[in-house]
Peer 1: 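Quick one: this structure, given as structure tokens, is what I'll be asking you about.
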Amino acid sequence: MDALLPTTGTHVSTTYADRVAAHDPRAVDAARALVRDMRAELHRSWTRPGACVDAMGRRVRCLPPGRLPWFRDTVGHRLIGYGSRPGGRAYVAARAAEAQHGLPVDPAHRRANGLLFARGGAMAPAEGRGPGGSRG
């Protein structure tokens with residue numbers, strides 16, 4: 001799971017496409033196109049990164065529930081460095097999708113991903129808290 005975290009720079013994260021490639025190779029071309037669209041949207045809205053989160057949030061309506069957290073995390077990865085709010089919003093949306101759809105969570109990946117967001121300043125302290133206020 002740690003292999004799905006961006007290693008060459010969060011701003012070029014391909015976590016979503018990498019996850020799709022590993023679990024549904026037939027859908028990888030569409031996933032890569034969506035990541036390209038994400039890059040284009042971030043360039044369009046670079047002065048207002050929250051607009052990128054909103055625009056990409058509209059795009060997830062067509063995704064299967066199991067892909068939502070991965071997509072939202074990738075949006076968040078790409079927004080690390082734009083302040084805590086936009087990346088943090090994407091992170092929180094990813095965790096909400098996991099909870100809403102009862103998706104399995106790998107605790108080690110969750111921790112490594114949360115630390116990535118926190119180290120990048122893309123998460124306010126309250127956003128990194130799990131259910132009941134605990135870190136996780």
Peer 1: Kindly write out the residues that satisfy side chain to side chain contact (heavy atoms under 4.5 Å, CB included) with Ala118, not counting sequence neighbours, or none if the list is empty.
Peer 2: Met123
Peer 1: Under the rule for side chain to side chain contact (heavy atoms under 4.5 Å, CB included), what residues qualify as partners of Ala93, not counting sequence neighbours?
Peer 2: Arg72
Peer 1: Phe117: which residues meet the ring pair (Phe, Tyr, Trp, His ring centres under 6.0 Å) condition with it, sequence neighbours left out?
Peer 2: His77, Tyr91
Peer 1: Apply salt bridge (Lys or Arg N to Asp or Glu O under 4.0 Å) to Arg32 and list each qualifying residue two or more places apart in sequence or on a separate chain.
Peer 2: none
Peer 1: Can you list the residues that meet the side chain to side chain donor-acceptor pair (under 3.5 Å) rule with Arg39, with sequence neighbours excluded?
Peer 2: none
Peer 1: Return yes when atom CZ of Arg48 has more than 12 non-hydrogen atoms of other residues, nucleotides or ligands closer than 6.0 Å, and no otherwise.
Peer 2: no
Peer 1: Would Leu34 and Leu63 count as a side chain to side chain contact (heavy atoms under 4.5 Å, CB included) here? Give the steps.
Peer 2: CA-CA 11 Å; Leu34 196 50; Leu63 296 179; 4.0 Å; yes
Peer 1: For Val53 and Pro86, which heavy atoms make the closest approach, and how far apart are they?
Peer 2: CG2-O, 3.4 Å
Peer 1: Apply salt bridge (Lys or Arg N to Asp or Glu O under 4.0 Å) to Asp24 and list each qualifying residue two or more places apart in sequence or on a separate chain.
Peer 2: Arg26, Arg67
Peer 1: According to side chain to side chain contact (heavy atoms under 4.5 Å, CB included), who are the partners of Ala40, at least two apart in sequence or on a separate chain?
Peer 2: Arg44
Peer 1: Would you please name every residue forming a side chain to side chain contact (heavy atoms under 4.5 Å, CB included) with Ala90, sequence neighbours left out?
Peer 2: Val75
Peer 1: Show the nearest heavy-atom pair for residues Leu103 and Pro65, with the distance to one decimal.
Peer 2: CD1-O, 3.4 Å
Peer 1: Tell me, do Met56 and Leu42 make a side-chain contact under 4.5 Å, heavy atoms counted?
Peer 2: no
Peer 1: May I ask you to decide if Tyr16's main-chain N or O and Thr74's side chain share a donor-acceptor pair within less than 3.5 Å?
Peer 2: yes
Peer 1: Can you name the nearest heavy-atom pair linking Ala21 to Val28, along with the distance?
Peer 2: CB-CG2, 3.5 Å
Peer 1: Determine the minimum heavy-atom distance between Gly50 and Arg89, stating which atoms define it.
Peer 2: O-NH1, 3.5 Å
Peer 1: Considering non-hydrogen atoms only, spot the tightest contact between Glu41 and Ala51 and give its length.
Peer 2: OE2-O, 4.3 Å
Peer 1: So, using side chain to side chain donor-acceptor pair (under 3.5 Å) as the criterion, who are the partners of Thr14 when residues are at least two apart?
Peer 2: Asp18
Peer 1: Listed by chain and number, what are the salt bridge (Lys or Arg N to Asp or Glu O under 4.0 Å) partners of Glu98, not counting sequence neighbours?
Peer 2: Arg95, Arg110
Peer 1: With sequence neighbours excluded, what pairs up with Arg61 under the salt bridge (Lys or Arg N to Asp or Glu O under 4.0 Å) test?
Peer 2: none
Peer 1: Using the side chain to side chain donor-acceptor pair (under 3.5 Å) criterion, which residues pair with His23? Sequence neighbours excluded.
Peer 2: Arg19
